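Since we're looking at a predicted model, the values are computed, not measured. First the proteins, then the strands, lettered A, B, ... as listed; each starts at 1. Hydrogens, waters and symmetry mates play no part in the numbers below; they use all other heavy atoms, side chains included.
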Amino acid sequence: MANFTHLPTIPPPPLFSIYAGDLHHHVTERDLYSLFSIIGPVHNIHLFRHPFSHKSLCYAFIHFYFPHYAAVALNSLNHIELRGKPIRLMWVQRDPVLRKVGIGNLFVKNLDSSVNDAELQEVFGVFGVISSCKIARDGDGVSKRFGFVQFCSEDSASCALSALNGSVLHGKILTVAKFLKKSERKEPQFTNVYVKNLDKDFTESSLREKFSEYGKITSAVIMNDAEGKSRGFGFVNFESHESAMKAIDGLNGAEIGTKKWFVGKAMTKSQRAEFLRRAHIKQKPNVSNLIVRNLASFVTENDLKQVFGAFGNVTFVKVSYRNGVSSGMACICFSKLEEARKAIAFLNGCFYNGRYMSVSLAWHKEEQAKHLQTLLALRYKPPFAYKEKKVRKEVLANKESSCECDVDGFVLVDKPSGNSEWDV
DNA sequence: GATGAGCGC
């Protein structure tokens, strides 16, 4: 019999209320009420909505009159599909520390793509009480073939790990490991080395010879074209990471034959694509581009060229027009970041043609997206005007949302009567 | 090969 006493366990939660997460964004209070009432009398449902747009935040609380029904609902309705998406149920746990400690959290990979959340729960549930489990899916709901199972106790998790790691499910050998955050996981150490700028007559055996002084090699190839001629690059795989590092250190930039070799870590196609994408962003930092907002509609590109030209060399001016009408925004490029900064310091907030101009550095699109994600993660509350604009953008982007209306500059979607709580 | 997100009146 296992000794449970020394292992941490999540304490029993309040027993009337269930948290429902991962909801499809079109799931409504009514959908939830219809579903949960099947089990027993529901006291109320709170589907959380954005305070301005009233779009669903995709999670809800379901309060039952009797804890018994809450428990039954949690067991029998978990992972059921609502509007085509499986819901994920948990006991309400309001203590954020307890929610985030990650007790008993397992990572499962090499799942067959047919395995769904419910089956994952069934297989792992034999070993203890699961607080949350799900399979990672892409935007179309296709399984990414890995998932997460979180047990209420470390003890159950370790039982499941030792029993199920290496076991077979639908013909696939599962890997079960403790879940580690990205920061806790060390990068897999590469052993494969890429070499380019080889002379066309450089052979595999000379390649092997050249690299073997750095350590034991498991394979060395030169890539050929359809006619069997060298394409001038190849791969050398070492037995150890240290040897691979030494080889890069020793041979990168070396002049061999008539060429200067490039030797570096071999990348997969996707890794290389990511690398190039980042390199591209670095190359074009875009930081000397300005966005000007709140311009009067009659301000022209020439006007702006004059005003901004006082601060440096303006290389590009573009006013944004929609249906032939200025939208009050413009992009202005300086040849130097320094000049752009000067223009901001001087012109941002200036009264110009009856309006206060806003002048700020333009973001690179991808960097801005990342920045926004970081802010969201920190639960950053943007300033009012900003939030309003963002909501409008979201609403416009979401063509599926029904009954949009514009009230006092706020875009409201599916505004429920009264408050957003839907009492039954 | 792969390592989420998540909680109020």
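- Between the CG atom of A:Asn44 and the P atom of B:dG8 there is a distance of 15 Å, given to the nearest Å.
- Between the side chains of A:Arg145 and A:Asn110, at least one donor N or O sits under 3.5 Å from an acceptor N or O.
- For the salt bridge (charged side-chain N to carboxylate O under 4.0 Å, His left out) with A:Asp22, the qualifying choice from A:Arg137, A:Lys85, A:Lys134 is A:Lys134, the only one to do so.
- Rounded to whole Å, atom C1' of B:dG6 lies 14 Å from atom CD1 of A:Ile62.
- Rounded to whole Å, atom P of B:dG6 lies 15 Å from atom NZ of A:Lys181.
- Atom pair A:Phe61:CZ and B:dG8:P shows a separation of 6 Å (rounding to whole Å applied).
- Straight-line distance from the CD1 atom of A:Ile103 to the P atom of B:dA5: 20 Å, rounded to whole Å.
- At B:dA2, none of the side-chain N or O atoms of A:Arg145 fall inside 4.0 Å of OP1 or OP2 (strictly under the cut-off).
- Here A:Phe48 does not pack flat against the base of B:dG8, since the 5.5 angstrom centre distance and 30 degree tilt limits are not both met.
- For the segment residues 109-139 of chain A, residues with any heavy atom less than 4.0 angstrom from an atom of DNA chain B are, sorted by number, A:Lys109, A:Asn110, A:Ser132, A:Lys134.
- Rounded to an integer number of Å, the gap from NZ of A:Lys178 to P of B:dA2 is 20 Å.
- Here the nucleotide nearest the side chain of A:Phe148, chosen from B:dG6, B:dT3, B:dG8, is B:dT3.
- Checked by atom type, the side-chain pair A:Asn237/A:Ser219 shows no donor-acceptor distance below 3.5 Å.
- Counting any heavy atom pair closer than 4.0 Å across all strands shown, A:Asn105 reaches a base atom.
- With 3.5 Å as the limit, one finds no donor-acceptor pair spanning the side chains of A:Asp155 and A:Ser153.
- A donor-acceptor contact closer than 3.5 angstrom is absent between the side chains of A:Ser358 and A:Asn294.
- If you look at A:Phe36 and A:Tyr69, their ring centroids are not closer than 6.0 Å.
- As rounded to whole Å, 22 Å separates atom P of B:dA5 from atom CZ of A:Arg94.
- A donor N or O paired with an acceptor N or O is not found under 3.5 Å between the base of B:dG6 and the side-chain atoms of A:Arg88.
- A ring-centre distance under 6.0 Å is not found for A:Phe64 and A:His43.
- Per the geometry, CG belonging to A:Leu57 stands 15 Å off C1' belonging to B:dC9, to the nearest Å.
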